[in-house]
Amino acid sequence: MRHIISLLMENEAGALSRVAGLFSSRGYNIESLTVAATEDSTLSRMTLVTTGSDDVIEQITKQLNKLIEVVKVVDLSEGNHIERELMLIKVRAVDNDREEIKRMADIFRGRIIDVTDKSYTIELTGTGSKLDAFVEAMNRTTILETVRTGASGIGRGERILKV
Amino acid sequence: MFNPTYIADIQHLETQESMSAELTGAEITVRCLQEEGVEHIFGYPGGAVLFLYDELFKQDKVRHILVRHEQAAVHAADGYARSSNKIGVALVTSGPGVTNAVTGIATAYMDSIPLVIISGQVPTHAIGLDAFQEVDTVGITRPCVKHNFLVKDVTELAATIKKAFYIASTGRPGPVLVDIPKDVSQQKTKFAYPERITMRSYNPNIRGHAGQIKKAVQLILEARRPMIYTGGGVILSNAAARLTELVRLLRFPCTNTLMGLGGYPATDRQFVGMLGMHGTYEANMAMQHCDVLVAVGARFDDRVIGNPKHFYNPDRKIIHIDIDPSSISKRVKVDVPIVGNVSDVLDELIKLLELRKEKPDQSTLDAWWAQIDSWRERDCLRYDRTSAIIKPQMVVETLYKVTNGDAFITSDVGQHQMWAAQFYKFDQPRRWINSGGLGTMGFGLPSAMGVQMANPGAHVACITGEASIQMCIQELSTCKQYHLPLKIINLNNRYMGMVRQWQEFFHGNRYAESYMDALPDFVKLAESYGHVGMRIEQPGDIEAALQEAFKLKGRLVFMDFVTDQTENVFPMVPGGKGLSEMILV
């Protein structure tokens, strides 16, 4: 149901909007989308997280391939892959909570990257569900702000997406 | 202060500059069109394209056809492309020029027609500032083009135009738009038109997979109740002759979609008529009950197979040949997908069949033909030929007779379109020009202009209705300017006929807003544009009137046929129903 799709496309103005436009015009779900230039600055790599039946996913990959600026498409979830997401989360940290939150961040291998008298900002990387678990764990205190990048993915071992 | 000497100096300077190797964006654009062998472009000038028009003015290789509305420019380029296998080109200005063109672009996109649309844009420094006549052209057209470009740097202009022509005409064809800001059309650079273009991100698959073609051959040879169903892809890839060869070799029944008419000769016995919502009884029944279906350049559209759930038949194996992988298994799961150019794949298929020297079992094939013939006996297209009021079907039949089945026929959208498709028997491809996918009323007249431009001297008739024709009626003026001797067959029933038919069948005869009140006197209207107008009210006058119209060789004749208001198109598969659930006459 949940698929993580990676694509390489020409690093040109408007390429992102073609992908976004495709998803909205054909009514496909889009859970997250991240994009940045690769080591080859003429190419961008995008990671898309979507959900749908097998038929819908098949159409999504075909339609993505059809976009003129898209060079390659791979459904990472078809094989072994690694995915990571980055979250920055700012929480209220006062009195006894300060120690507790620090401990919790350590447990989740997060790092406190900004501190005030009343707050911590924690950086945390992992799969989406790990980040969800951390948000859940922080619920006892007051979450002031969260920002997440959406998942980035890469194939395991010799699975390589390259031109 | 006005100083004529000073102006003369500047002009002198400019002339000198243009003699050096550097050309302006506008010059480059026109040179690119010349390099591509473009002979006609359809357009309408405006502020953002003034430099382009200035360059067009200075040369005579590319002929510009001035339309009266940008929608018509794109439809005309579209009709030009469909009837000639060339790339149609349109030129429009920024803002409203582009928004007017969008209907034409979407029409071409839905039917995969190769077009290049050049649009003017406000100067680059004004983009995004809500400048006069500014729209986000690339954004507005993105969902209805195969690709589009905004050229911000004159040094990229020539390569971009080359790419546009390449993308438009290769793979599954489609419209490509190039948006050129006014300042880019003024800036100068060295001109060199690339000989060829390669794109790492765009390499359409031409040849089908050999293993898949083998599987297809096996299925075909084992078929007991075969059916060949072909669409616009056969026309677009110029594969009509190959298809005909294959169908005759196999002795299988063949049906064409609305977009595929002319792909197989309609007068041939193996042709079972058009299929779909208004397809023949025999075509739809054979589609539903066949055991091996060969789909060629067709996409199982909702107007063609109706409800996919009803269409599903576990005993039926489907072979699907299409150049666009995303057309395969989109609405209907297929067993043997073959991605490739229809013409190339059919070639391979025929070769392989001839090598195998086997044939499908002929006695089961005979039994299948007997079944099809019994469906044929329903005579599903019959209508009252003795009616005292003109039946629209009779007009189309007579048109067929008078033109020896040899005319180019364009149509608008609605009942008249279906009657044209049912009753004009197309034996050749690229003769039937209509808006199938988008269903654009207003398409008929401007597309006929493009057809006539591409085929001077040929008979071109536009079968239309009094509602559709009024959506681009202003083009009668263009026809006058360029002496286009079109014959307009207006099937005038004073209703938006297809809307009325649906209201009669599905909305309790409540004819909401489908009556065409306050119609113009079409005869006088045609005459006011300098054309010939005729009004035909008696069935007995149809043939003589048509003959007279076609004798007026150099003249556009607007023929207003007063037809039966209550006539409906049969058979009909109601929306959401299955192919074998037809309403019959």
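Naming: A, B, ... by sequence-line order, numbering from 1 per chain. These values consider heavy atoms only, across backbone and side chains, with no hydrogens, waters or symmetry-generated copies.
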Which atoms of [X] approach chain A - backbone, side chain, both or neither, heavy atom under 4.5 Å:
{"X": "K146(B)", "answer": "both"}
{"X": "R142(B)", "answer": "side chain"}
{"X": "L150(B)", "answer": "neither"}
{"X": "N148(B)", "answer": "both"}

Quiz item: Pairs in or reaching into residues 74-122 of chain A: which pass ring-ring contact (aromatic ring centres under 6.0 Å, His included), with residues at least two apart or in two chains?
Solution: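 Listed by first then second residue: F108(A)-F134(A).
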Quiz item: How about H320(B) and F300(B): are their ring centroids closer than 6.0 Å?
Solution: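 Here the rings of F300(B) and H320(B) have centres that are less than 6.0 Å from each other.
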Practice problem: Decide yes or no on salt bridge (charged side-chain N to carboxylate O under 4.0 Å, His left out) for K66(A) and D324(B), but give the supporting numbers first. | Solution: CA-CA 8 Å; K66(A) 217 169 124 177; D324(B) 178 5; 2.7 Å; yes
[X] and [Y]: which non-hydrogen atoms are nearest, and at how many Å?
{"X": "Y202(B)", "Y": "G171(B)", "answer": "OH-N, 3.8 Å"}
{"X": "P175(B)", "Y": "Y109(B)", "answer": "CD-CA, 3.5 Å"}
{"X": "V71(A)", "Y": "S201(B)", "answer": "CG2-CB, 3.7 Å"}

Exercise. Could you have a look at R172(B), K333(B), M199(B) and say which one has the most heavy-atom pairs with chain A under 4.5 angstrom?
Key: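 Highest number of pairs under 4.5 Å: K333(B).
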Quiz prompt | Best-contacting candidate, I167(B), I328(B), V138(B), against chain A by heavy atom pairs under 4.5 angstrom | solution =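 Option with the top pair count is I328(B).
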Quiz prompt | Contact residues of residues 28-62 of chain A (partner chain B; heavy-atom separation under 4.5 angstrom) | solution =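 Residues in range: D40(A), T42(A), L43(A), D55(A), E58(A), Q59(A), K62(A).
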Quiz item: Can a salt bridge be assigned to the pair R331(B) and D302(B) using a cut-off of 4.0 Å between side-chain N and carboxylate O?
Solution: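 No.
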Quiz item: In Å and rounded to the nearest 0.5 Å, what is the CZ to OG distance from R299(B) to S112(B)?
Solution: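 The OG atom of S112(B) is 7.5 Å from CZ of R299(B), to the nearest 0.5 Å.
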Exercise. Please say which of D179(B), T141(B), T137(B) ends up in a side chain to side chain donor-acceptor pair (under 3.5 Å) with S119(B).
Key: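 Between S119(B) and the candidates, side chain to side chain donor-acceptor pair (under 3.5 Å) is satisfied uniquely by D179(B).
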Quiz item: Which residue out of R18(A), M9(A), E12(A), E10(A) racks up the most heavy-atom pairs below 4.5 Å with chain B?
Solution: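 With the most close heavy-atom pairs to chain B, the winner is R18(A).
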